[in-house]
S.K.: 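For reference, the structure I am asking about is given below.
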Amino acid sequence: MSRIEDQANYYKNLHLRDRSIIAVIHIEDEADKEFWNVQLQNVRIGHYYFISHSKNDNGVETKGCEQCLKYRQYTNRQFFICIDSDLRLLCQEDGLTSENYIAQTYAYSWENHLCEAEHLQLRFSQKLKETDFNFVKFLSAFSRIVYKPLLYLVYYQTPELNSLWNIKIFNKCIPLQPSQKDLADNGTLYLQKIKQLFDTTLSSLSLYLPDNFAIEGLTPDNAYLHIQGHQLYNLINHIGTRICKGERVGFKSQILDEKFPTSGYKEIEDVQSDLRTILAT
């Protein structure tokens, strides 16, 4: 028996030792716990035991998505996996389904859900009554700009192509500290700058996409939910902090991190659907 299987058997039986445990969930990192607990409590209230790291085959404590997925053949309703989708969803990686007791974020990561435009704008407008900045308008325009570069990012996944266009190069086209001037008129000047950066970088690389290349479920409207979560989160945090300066409102603590959505748009509804299937509620 492998070390992974041995640990899996322990996790699967933990609910028998502690009857208060509904299920044991292996997550990528301790920071993921709050998001997944909110989602789970919305499906079925109770005690979930989270594992944020475990021993790999060499006996070394390890975390991350790949470590989680090592358990995929040993999961059940009492022990399952919750991961960030990263680009796996858009690349249509096989087997990452609720039927296999794997739940995923359906956005690049849980940070993207804190930046979902409608919910973010609602929290923002409740705390800051007098402001001209609208996150729905900003993120709608931003999403349309990153859509095509994101298509390239998914298409250029083989090692030789990935060296030409990858997340590191993609992120360089999104500077994270727009100035106050850049944010006027819902960030029009800043949006123009990042569009130019993407256009210039892509044209210099002489990249191409097959005719009519598209990805199921990815649209110009939701593309921003599928870019790297830390990148989007840090950008939105910087913008919000600038806007809230002098307003006695802590953007990060009182608005951005204040509440995870559990309904209202497809990506979070898919998260909830997976958890309902796994927990059979």
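Positions are given from 1 along the sequence.
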S.K.: Kindly compute the distance separating CD (E116) from CG (L122), expressed to the nearest 0.5 Å.
M.R.: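 Here the rounded value is 10.0 Å.
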S.K.: Suppose the criterion is salt bridge (charged side-chain N to carboxylate O under 4.0 Å, His left out): which pairs have a residue in residues 241-252, not counting sequence neighbours?
M.R.: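 Listed once each, the pairs are K252-D257.
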S.K.: Tell me which donor-acceptor pairs under 3.5 Å the side chains of residues 132-140 have, and how far apart each pair is, sequence neighbours excluded?
M.R.:
unit_1 : atom_1 : unit_2 : atom_2 : d
N134   : OD1    : V136   : N      : 2.9
N134   : OD1    : K137   : N      : 2.9
S140   : OG     : R144   : NH1    : 2.8

S.K.: Please evaluate residues S179 and D182 with respect to the criterion side-chain hydrogen bond (donor to acceptor under 3.5 Å, both in side chains), reporting the C-alpha separation (whole Å), side-chain torsions for both, the decisive distance (0.1 Å), and the verdict.
M.R.: CA-CA 5 Å; S179 67; D182 287 337; 3.2 Å; yes
S.K.: Could I get the full list of ring-ring contact (aromatic ring centres under 6.0 Å, His included) partners for Y11, not counting sequence neighbours?
M.R.: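 Here the qualifying residues are F79.
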S.K.: In chain order, what residues pass the salt bridge (charged side-chain N to carboxylate O under 4.0 Å, His left out) check against D185, with sequence neighbours excluded?
M.R.: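 In terms of salt bridge (charged side-chain N to carboxylate O under 4.0 Å, His left out), with neighbours along the sequence ignored, D185 is linked to no residue.
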S.K.: Within a reach of under 6.0 Å around OH of Y49, are more than 12 heavy atoms found that belong to other residues, nucleotides or ligands?
M.R.: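 Not more than 12 within 6.0 Å, no.
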S.K.: Mind checking ring-ring contact (aromatic ring centres under 6.0 Å, His included) for F170 and listing every partner two or more places apart, or none if nothing turns up?
M.R.: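 So F170 forms a ring-ring contact (aromatic ring centres under 6.0 Å, His included) with F198.
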S.K.: Please enumerate all residues that pass salt bridge (charged side-chain N to carboxylate O under 4.0 Å, His left out) together with K63, with sequence neighbours excluded.
M.R.: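 Scan of K63 (salt bridge (charged side-chain N to carboxylate O under 4.0 Å, His left out), adjacent residues dropped) gives D29.
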S.K.: Any donor-acceptor pair under 3.5 Å linking the side chain of Q41 with the backbone of G46?
M.R.: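 Pair found, side chain donor or acceptor close to backbone of G46.
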S.K.: State whether the side chain of T262 and the backbone N or O of Q39 hold a donor-acceptor pair below 3.5 Å, judged by distance alone.
M.R.: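 No, the answer is negative, given that no donor and acceptor are paired below the 3.5 Å cut-off.
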S.K.: Looking at Q196, I want to see if its CD is surrounded by more than 12 non-hydrogen atoms of other residues, nucleotides or ligands under 6.0 Å.
M.R.: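 Result for CD/Q196: open.
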S.K.: For D221, what residues pass the salt bridge (charged side-chain N to carboxylate O under 4.0 Å, His left out) criterion, not counting sequence neighbours?
M.R.: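 Salt bridge (charged side-chain N to carboxylate O under 4.0 Å, His left out) check on D221 returns nothing, list empty.
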S.K.: Without swapping roles, check the side chain of Q254 against the backbone of G250 for a donor-acceptor pair under 3.5 Å.
M.R.: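 At least one qualifying donor-acceptor pair exists.
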S.K.: For Q272 and I268, indicate whether the former's side chain and the latter's backbone hold a donor-acceptor pair under 3.5 Å.
M.R.: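 No; zero donor-acceptor contacts below 3.5 Å.
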S.K.: Go through the structure and list residues passing side-chain hydrogen bond (donor to acceptor under 3.5 Å, both in side chains) with S273, not counting sequence neighbours.
M.R.: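 By the side-chain hydrogen bond (donor to acceptor under 3.5 Å, both in side chains) rule, S273 matches no residue at all.
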S.K.: Can a side-chain donor-acceptor contact be found between Q67 and N56 if the only test is distance below 3.5 angstrom?
M.R.: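 The answer is no; no qualifying pair exists.
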S.K.: For a quick test of reading the model, state the closest non-hydrogen atom pair linking H26 to C68 and the distance between them.
M.R.: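 What the structure gives for the nearest pair is ND1-SG, 3.4 Å.
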S.K.: Checking side-chain hydrogen bond (donor to acceptor under 3.5 Å, both in side chains) for the pair N112/Y233: CA distance, chi angles, key distance, verdict?
M.R.: CA-CA 7 Å; N112 300 73; Y233 180 93; over 6 Å; no
S.K.: Under 3.5 Å, side chain of T62 to main-chain N/O of V60, donor-acceptor pair present?
M.R.: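 A pair under 3.5 Å: yes.
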S.K.: Any donor-acceptor pair under 3.5 Å linking the side-chain atoms of E5 with those of Y71?
M.R.: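 Checked: Y71/E5 side chains show no N/O donor-acceptor pair below 3.5 Å.
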S.K.: Does any N or O in the side chain of Y224 come within less than 3.5 Å of the main-chain N or O of A141, such that one atom is a donor and the other an acceptor?
M.R.: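 No.
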S.K.: Heavy-atom count around I45 CD1 within 6.0 Å, excluding the residue itself: above 12?
M.R.: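 Not buried by this count: 12 neighbours or fewer within 6.0 Å.
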S.K.: Which residue pairs satisfy the salt bridge (charged side-chain N to carboxylate O under 4.0 Å, His left out) criterion with at least one member in residues 86-97, sequence neighbours excluded?
M.R.: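 Of all non-adjacent pairs touching residues 86-97, those that pass salt bridge (charged side-chain N to carboxylate O under 4.0 Å, His left out) are E66-R88, D86-R88, R88-E93.
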S.K.: State which residues pass ring-ring contact (aromatic ring centres under 6.0 Å, His included) with H113; sequence neighbours excluded, sorted by chain then number.
M.R.: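 With neighbours one apart ignored, the set is F35, Y265.
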S.K.: Would you check if there is a donor-acceptor pair between the side chains of D274 and Q104 at a distance under 3.5 Å?
M.R.: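 Not at all, the side chains of Q104 and D274 share no donor-acceptor pair under 3.5 Å.
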S.K.: Please check if the side chain of Q177 supplies one atom and the backbone of H238 the other of a donor-acceptor pair under 3.5 Å.
M.R.: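 No, Q177 side chain to H238 backbone: no donor-acceptor pair under 3.5 Å.
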S.K.: Does one side chain, of D84 or W110, offer a donor that lies under 3.5 Å from an acceptor on the other?
M.R.: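 No, because no side-chain N or O of D84 sits under 3.5 Å from a partner of the opposite role on W110.
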S.K.: Look at the side chain of N13 and the backbone N and O of N9, then say whether any donor-acceptor pair between them is shorter than 3.5 Å.
M.R.: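 Yes, N13 side chain to N9 backbone: donor-acceptor pair under 3.5 Å.
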S.K.: Donor-acceptor check, side chain of Q228 to backbone of Q231, threshold 3.5 angstrom: yes or no?
M.R.: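 No: the side chain of Q228 does not pair with the backbone of Q231.
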S.K.: Tell me whether the count of non-hydrogen atoms from other residues, nucleotides or ligands lying under 6.0 Å of NE2 in H230 goes above 12.
M.R.: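 Atom NE2 in H230 is not crowded, with 12 or fewer foreign heavy atoms closer than 6.0 Å.
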S.K.: Does L197 sit in a hydrophobic cluster with other residues, and if so which ones, taking ILVMFWY side chains as linked at heavy-atom separations under 4.5 Å, directly or through other members?
M.R.: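 Via sub-4.5 Å side-chain contacts, L197 links to none.
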S.K.: Distance from L114 atom CG to L120 atom CG, nearest 0.5 Å?
M.R.: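 If we round to the nearest 0.5 Å, L114:CG and L120:CG are 9.0 Å apart.
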S.K.: Apply ring-ring contact (aromatic ring centres under 6.0 Å, His included) to the pair H226 and Y108, showing each step before the final yes or no.
M.R.: CA-CA 5 Å; H226 297 279; Y108 192 99; 8.8 Å; no
S.K.: Listed by chain and number, what are the salt bridge (charged side-chain N to carboxylate O under 4.0 Å, His left out) partners of E216, not counting sequence neighbours?
M.R.: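 So E216 forms no salt bridge (charged side-chain N to carboxylate O under 4.0 Å, His left out) with any residue.
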S.K.: Find out whether I215 and L151 are in side-chain contact, i.e. whether some heavy atom of one side chain is under 4.5 Å from a heavy atom of the other.
M.R.: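 Touching, per the 4.5 Å side-chain cut-off.
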S.K.: Answer with yes or no whether the side chains of H15 and Q78 bring together a donor and an acceptor at under 3.5 Å.
M.R.: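 No pair is found: no donor N or O on one side chain lies under 3.5 Å from an acceptor on the other.
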